[in-house]
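Let me begin by presenting the structure, written as structure tokens, before commenting on it.
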Amino acid sequence: QVQLVESGGGSVQAGGSLRLSCAASGDALRRPFMAWFRQAPGKEREGVAALYTYGGNPYYADSVKGRFTLSQDNAKNTLYLQMNTLRPEDTALYYCAARRGGGALFDDVTYNYWGQGTQVTVSS
């Protein structure tokens, strides 16, 4: 049973924009912490943006601050990641994740629910 489904990835030129979506269902619902991670070929998975879904401001990795914006639509059980001014180094498989709580926001081992990922490719 799929509980997190990402969509919105694609191929764009540097400077372009994409909007990723993460639809939650089943056990992934009602999890207060949600986040976006990404993994490029040959590199470790890294946190991109995270949110306490019951309130507060999103937290962003330094590499994406000012360019990426995380938001949520509780009525649709969906998390979004608006990505602007994309760079080639943003190329990666992007994952949506959820957890009950506790630990650092970008500690991937603390997240219990994961989507299959959506590919983002940025060319020069």
Side-chain angles (χ1 to χ4, degrees):
Q1 183 178 15
V2 178
Q3 297 177 325
L4 294 174
V5 180
E6 304 96 334
S7 62
S11 298
V12 298
Q13 292 186 329
S17 299
L18 287 172
R19 189 192 192 195
L20 306 184
S21 298
C22 172
S25 63
D27 291 342
L29 289 172
R30 302 174 67 182
R31 294 292 183 261
F33 294 93
M34 298 191 70
W36 287 94
F37 290 81
R38 67 186 182 186
Q39 186 170 26
K43 296 185 178 181
E44 295 184 350
R45 186 163 55 195
E46 63 176 349
V48 177
L51 177 70
Y52 178 63
T53 61
Y54 293 166
N57 298 319
Y59 180 80
Y60 302 97
D62 289 340
S63 61
V64 306
K65 285 182 179 178
R67 299 189 298 119
F68 291 11
T69 302
L70 190 152
S71 62
Q72 63 178 336
D73 186 338
N74 289 332
K76 297 181 179 180
N77 298 318
T78 301
L79 188 73
Y80 301 98
L81 184 67
Q82 178 67 44
M83 306 185 296
N84 298 325
T85 319
L86 284 163
R87 305 165 180 169
E89 51 263 42
D90 294 318
T91 296
L93 188 64
Y94 283 71
Y95 297 92
C96 178
R99 75 183 189 197
R100 181 177 297 276
L105 292 178
F106 286 161
D107 185 358
D108 57 353
V109 302
T110 65
Y111 287 83
N112 304 109
Y113 303 94
W114 294 84
Q116 292 298 111
T118 184
Q119 179 67 39
V120 172
T121 302
V122 185
S123 60
S124 300

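Only this structure's heavy atoms are used, side chains among them; waters, hydrogens and symmetry mates stay out.
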Legend entry - side chain to side chain contact (heavy atoms under 4.5 Å, CB included) between Tyr113 and Met34, worked out: CA-CA 9 Å; Tyr113 303 94; Met34 298 191 70; over 6 Å; no

Inset, instruction - Please name the pair of heavy atoms, one in Ala40 and one in Ala92, separated by the smallest distance, quoted to 0.1 Å. - result: N-CB, 3.8 Å

Legend entry - Step-by-step side chain to side chain contact (heavy atoms under 4.5 Å, CB included) determination, Leu93 to Arg45: CA-CA 9 Å; Leu93 188 64; Arg45 186 163 55 195; over 6 Å; no

Inset, instruction - Give the minimum heavy-atom separation between Trp36 and Ser21, together with the two atoms involved. - result: CH2-O, 3.6 Å

Legend entry - Where at least one partner belongs to residues 52-61, residue pairs that pass side chain to side chain donor-acceptor pair (under 3.5 Å), sequence neighbours excluded: none

Inset, instruction - With the side chain counted from C-beta on, respond yes when Thr91 and Val120 share a heavy-atom pair under 4.5 Å apart, and no when they do not. - result: no

Legend entry - Path from Phe37 to Val122 over hydrophobic side-chain contacts below 4.5 Å: no

Inset, instruction - Report the C-alpha separation of Thr110 and Arg99 in whole Å, then their side-chain angles, then the decisive distance to 0.1 Å, and conclude whether the side chain to side chain donor-acceptor pair (under 3.5 Å) test is met. - result: CA-CA 7 Å; Thr110 65; Arg99 75 183 189 197; 2.4 Å; yes

Inset, instruction - Group every Ile, Leu, Val, Met, Phe, Trp and Tyr by side-chain heavy-atom contacts under 4.5 Å, then state whether Leu51 and Leu4 land in the same group. - result: yes

Legend entry - Over all atoms of both residues, closest heavy-atom pair of Leu70 and Pro58: O-CG, 3.6 Å

Legend entry - Salt bridge present between Asp90 and Arg87 (N-O < 4.0 angstrom): no

Legend entry - Closest non-hydrogen atom pair, Gly47 against Ala61: O-CB, 3.5 Å

Legend entry - side chain to side chain contact (heavy atoms under 4.5 Å, CB included) between Val48 and Phe68, worked out: CA-CA 9 Å; Val48 177; Phe68 291 11; 3.6 Å; yes

Legend entry - For Leu79 against Cys96, the heavy-atom pair lying closest together: CD2-SG, 4.3 Å

Inset, instruction - Not counting sequence neighbours, list each pair that qualifies as a disulfide (SG to SG under 2.5 Å) and has a residue in residues 45-77. - result: none

Inset, instruction - Return yes if a side-chain donor-acceptor contact under 3.5 Å exists between Thr78 and Asp73, otherwise no. - result: no

Inset, instruction - Assess whether atom CD of Glu44 is packed by more than 12 heavy atoms of other residues, nucleotides or ligands within 6.0 Å. - result: no

Legend entry - hydrophobic_cluster_shared for Leu20 and Leu105, side chain cutoff 4.5 Å: no

Inset, instruction - Of all the heavy-atom pairs spanning Pro32 and Arg100, show the shortest one and how long it is. - result: CG-O, 2.5 Å

Inset, instruction - Look at the rings of Tyr95 and Trp114 and say which category their plane angle falls in: under 30° parallel, 30 to 60° tilted, over 60° perpendicular. - result: perpendicular

Legend entry - 4.5 Å side-chain heavy-atom contact, Gln82 and Ser71: no

